[in-house]
Chemist: 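Have a look at the structure that comes next, please.
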Amino acid sequence: MFKKMIAILVIMIAGTSAYAEDKIELGYRYDDQRNTTNDQYATTLDWQTKINNNFSWGLGFINIQREQDNRITNRYNLKLNYDYNMLYVNSALGQKHQSLKPSTEYWQIETGIKYMVNDVVQVKVGYIYREGFGGRDVDYFEGPRVAVKYKLDPRWAVNFKYDYFDFGSGVKRDRYGISIEKRLF
């Protein structure tokens with residue numbers, strides 16, 4: 001799987017055109033697992049570049065620590081995103097490396113709408129689904145996602161995010177996140 005991801009990455013880099021517009025996003029999130037002490041804290045790092053007016057691709061990294069058992073999980077993503085007017089589709093292939101469980105691969109897709117309230121505020125509402133290549137028992141969640149982006153200037157923005165996820169078997173989680181986004185060009 002890793003070799004396939006590297007091959008896809010090389011092909012995508014070769015296809016990047018003069019429309020290139022890079023951005024990097026650094027974030028922090030807190031996952032509140034309802035009615036338990038199994039909360040999680042995560043640091044996120046994403047890089048994206050535009051291929052053309054509608055497509056972008058990127059790489060992502062998430063470092064997660066669970067409060068209850070101190071399990072550390074690292075997720076590595078290869079992302080391909082599509083935007084058309086207000087509609088968007090974000091997809092990812094990834095690997096999950098855990099300290100107390102076997103590593104796995106997964107795919108995820110998110111779709112929704114983006115709306116510019118004014119020149120500096122954007123609201124995004126979507127639905128996300130993730131599943132492990134080994135099935136739902138390996139890796140799974142789904143649920144709605146809401147985000148508000150506030151542009152500080154043409155290059156800098158702050159993102160506020162809220163997700164409500166169902167992990168199956170009665171496990172539900174609220175996720176709160178904040179990130180700083182920087183456009184590089």
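Everything numeric in this text was worked out from a predicted model, so none of it was measured. These numbers come from the heavy atoms of this one structure, side chains and all, not from hydrogens, waters or symmetry mates.
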Chemist: For residues Tyr28 and Leu45: do they belong to one hydrophobic cluster (side chain heavy atoms under 4.5 Å, members Ile, Leu, Val, Met, Phe, Trp, Tyr)?
Modeler: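 Hydrophobic grouping puts Tyr28 apart from Leu45.
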
Chemist: Are Phe141 and Tyr164 co-members of a hydrophobic cluster defined by side-chain heavy atoms under 4.5 Å apart?
Modeler: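 No: no chain of side-chain contacts under 4.5 Å links Tyr164 to Phe141.
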
Chemist: Step by step, would you call Tyr129 with Trp107 a ring-ring contact (aromatic ring centres under 6.0 Å, His included)?
Modeler: CA-CA 9 Å; Tyr129 181 90; Trp107 62 273; 5.5 Å; yes

Chemist: Evaluate the criterion side-chain contact (heavy atoms from CB on, under 4.5 Å) for residue pair Val158 and Leu152; output intermediate values, then yes/no.
Modeler: CA-CA 7 Å; Val158 178; Leu152 301 170; 3.8 Å; yes

Chemist: Under a 3.5 Å cutoff, is there a donor and acceptor pairing between the side chains of Tyr127 and Glu110?
Modeler: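 There is no such pair between these side chains.
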
Chemist: Would you please name every residue forming a ring-ring contact (aromatic ring centres under 6.0 Å, His included) with Phe61, sequence neighbours left out?
Modeler: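 If we apply the ring-ring contact (aromatic ring centres under 6.0 Å, His included) test to Phe61, skipping adjacent residues, the hits are Tyr76.
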
Chemist: Is there a donor in the side chain of Asn77 and an acceptor in the side chain of Tyr106, or the other way round, less than 3.5 Å apart?
Modeler: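 Yes, side-chain donor-acceptor contact under 3.5 Å.
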
Chemist: What I want to check is whether the side chains of Tyr162 and Asp174 have a donor and an acceptor closer together than 3.5 Å.
Modeler: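 Result is yes, a qualifying pair exists.
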
Chemist: Does the side chain of Thr49 come under 3.5 Å of the side chain of Asp22 through a donor N or O and an acceptor N or O?
Modeler: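 There is such a pair (donor and acceptor under 3.5 Å, judged by atom type) between the side chains of Thr49 and Asp22.
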
Chemist: Hydrophobic clusters here meaning ILVMFWY residues chained together by side-chain heavy-atom distances under 4.5 Å, can you tell me if Phe160 and Val125 are in one?
Modeler: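 Cluster IDs for Phe160 and Val125 match.
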
Chemist: Applying salt bridge (charged side-chain N to carboxylate O under 4.0 Å, His left out), run through Asp153 and Lys151 and close with a yes or a no.
Modeler: CA-CA 5 Å; Asp153 66 28; Lys151 292 182 182 180; over 6 Å; no

Chemist: Starting from the C-alpha separation in whole Å, work towards a yes-or-no answer on side-chain contact (heavy atoms from CB on, under 4.5 Å) for Asp39 and Asp31.
Modeler: CA-CA 6 Å; Asp39 297 343; Asp31 291 12; 6.0 Å; no

Chemist: Any salt bridge between Glu181 and Lys149, counting N to O under 4.0 Å?
Modeler: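 Counted as a salt bridge, because a side-chain N and a carboxylate O are separated by less than 4.0 Å.
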
Chemist: Give a yes or no on this: more than 12 heavy atoms of other residues, nucleotides or ligands lie within 6.0 Å of atom NZ of Lys182.
Modeler: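 Count over threshold, so yes.
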
Chemist: Should the heavy atoms of other residues, nucleotides or ligands under 6.0 Å from CG of Asp119 be counted, would the total exceed 12?
Modeler: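 Counting other residues, nucleotides and ligands, CG of Asp119 stays at 12 neighbours or fewer.
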
Chemist: Can you tell me how far CG of Asn53 sits from NZ of Lys50, rounded to the nearest 0.5 angstrom?
Modeler: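 Spacing of NZ (Lys50) from CG (Asn53) equals 6.5 Å.
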
Chemist: Quick one: NZ on Lys161 to CZ on Arg145, what's the gap to the nearest 0.5 Å?
Modeler: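 One gets 7.0 Å once the value is rounded to the nearest 0.5 Å.
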
Chemist: Just wondering, do Ile64 and Tyr41 contact through their side chains at under 4.5 Å, heavy atoms?
Modeler: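 No; the side chains remain at least 4.5 Å from each other.
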
Chemist: In Å, rounded to the nearest 0.5 Å, how long is the span from CG of Leu184 to CD1 of Ile24?
Modeler: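 Here the rounded value is 6.5 Å.
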
Chemist: Determine whether Asp139 and Lys96 satisfy the following criterion, salt bridge (charged side-chain N to carboxylate O under 4.0 Å, His left out), listing intermediate values before the conclusion.
Modeler: CA-CA 9 Å; Asp139 195 351; Lys96 175 174 72 170; 3.8 Å; yes

Chemist: Begin with the C-alpha distance, continue with both residues' side-chain angles, and end with the deciding distance and a verdict on side-chain contact (heavy atoms from CB on, under 4.5 Å) for Gln40 and Gln65.
Modeler: CA-CA 6 Å; Gln40 297 183 147; Gln65 181 172 357; over 6 Å; no

Chemist: Distance-only, no hydrogens or angles: does the Glu131 side chain make a donor-acceptor pair with backbone N or O of Gly135 under 3.5 Å?
Modeler: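 Side chain of Glu131 to backbone of Gly135: no pair is present.
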
Chemist: Do Met116 and Met86 sit in the same hydrophobic cluster, where Ile, Leu, Val, Met, Phe, Trp and Tyr count as joined when their side-chain heavy atoms come under 4.5 Å apart?
Modeler: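 Per the 4.5 Å side-chain linkage, Met116 and Met86 are not co-clustered.
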
Chemist: Do the side-chain N and O atoms of Gln33 and Arg173 include a donor-acceptor pair separated by under 3.5 angstrom?
Modeler: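 Side chains of Gln33 and Arg173: pair found under 3.5 Å.
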
Chemist: Cation-pi between Lys124 and Tyr88: NZ/CZ under 6.0 Å from ring centre and within 45° of the ring axis?
Modeler: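 So Lys124 does make the cation-pi contact.
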
Chemist: Can you tell me how far apart CD1 (Ile72) and CZ (Arg66) are? Round to the nearest 0.5 Å.
Modeler: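 Atom-to-atom, Ile72:CD1 and Arg66:CZ are 10.5 Å apart.
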
Chemist: Hey, is the main chain of Phe165 close enough, under 3.5 Å, to the side chain of Asp163 for a donor-acceptor pair?
Modeler: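 No; judged by distance alone, with no hydrogens or angles, the pair does not exist.
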
Chemist: Quick check for you: to the nearest 0.5 Å, what is the distance between Leu78 atom CG and Leu59 atom CG?
Modeler: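 Atom-to-atom, Leu78:CG and Leu59:CG are 6.0 Å apart.
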
Chemist: Quiz question: by atom type and distance under 3.5 Å, do the side chains of Asn159 and Ser179 form a donor-acceptor pair?
Modeler: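 Asn159 vs Ser179: donor-acceptor pair found between side chains.
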
Chemist: Does Leu87 offer a backbone N or O that forms a donor-acceptor pair with the side chain of Asn85 under 3.5 Å?
Modeler: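 Absent.
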
Chemist: Got a donor-acceptor contact below 3.5 angstrom from the Ser91 side chain to the Leu80 backbone?
Modeler: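 Yes; at least one donor-acceptor contact below 3.5 Å.
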
Chemist: When hydrophobic residues are tied together by side-chain contacts of less than 4.5 Å, even through go-betweens, does Ile128 share a cluster with Val146?
Modeler: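 No; Val146 is not reachable from Ile128 via cluster members.
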
Chemist: How close do Gln98 and Ser103 get, heavy atom to heavy atom, and via which atoms?
Modeler: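 Result for this residue pair: N-OG, 4.1 Å.
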
Chemist: Hey, is Arg183 close enough to Glu25 for a salt bridge, meaning N to O under 4.0 Å?
Modeler: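 Glu25 and Arg183: not salt-bridged.
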
Chemist: Count the heavy atoms belonging to other residues, nucleotides or ligands that lie under 6.0 Å from OH of Tyr82, then report whether that count exceeds 12.
Modeler: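 Check passes, neighbour count above 12.
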
Chemist: Please report the C-alpha distance between Lys79 and Leu93 in whole Å, then the side-chain angles of each, then the deciding distance to 0.1 Å, and finally whether the side-chain contact (heavy atoms from CB on, under 4.5 Å) criterion is met.
Modeler: CA-CA 7 Å; Lys79 301 176 177 189; Leu93 294 175; over 6 Å; no

Chemist: Measure from the side-chain N and O atoms of Asn54 to the backbone N and O of Asp83, and report whether any donor-acceptor pair falls under 3.5 Å.
Modeler: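 Yes: the side chain of Asn54 pairs with the backbone of Asp83.
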
Chemist: Would you compute the distance between atom OG of Ser56 and atom CG of Asn90 and round it to the nearest 0.5 angstrom?
Modeler: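 Going from the OG atom of Ser56 to the CG atom of Asn90 covers 7.5 Å.
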
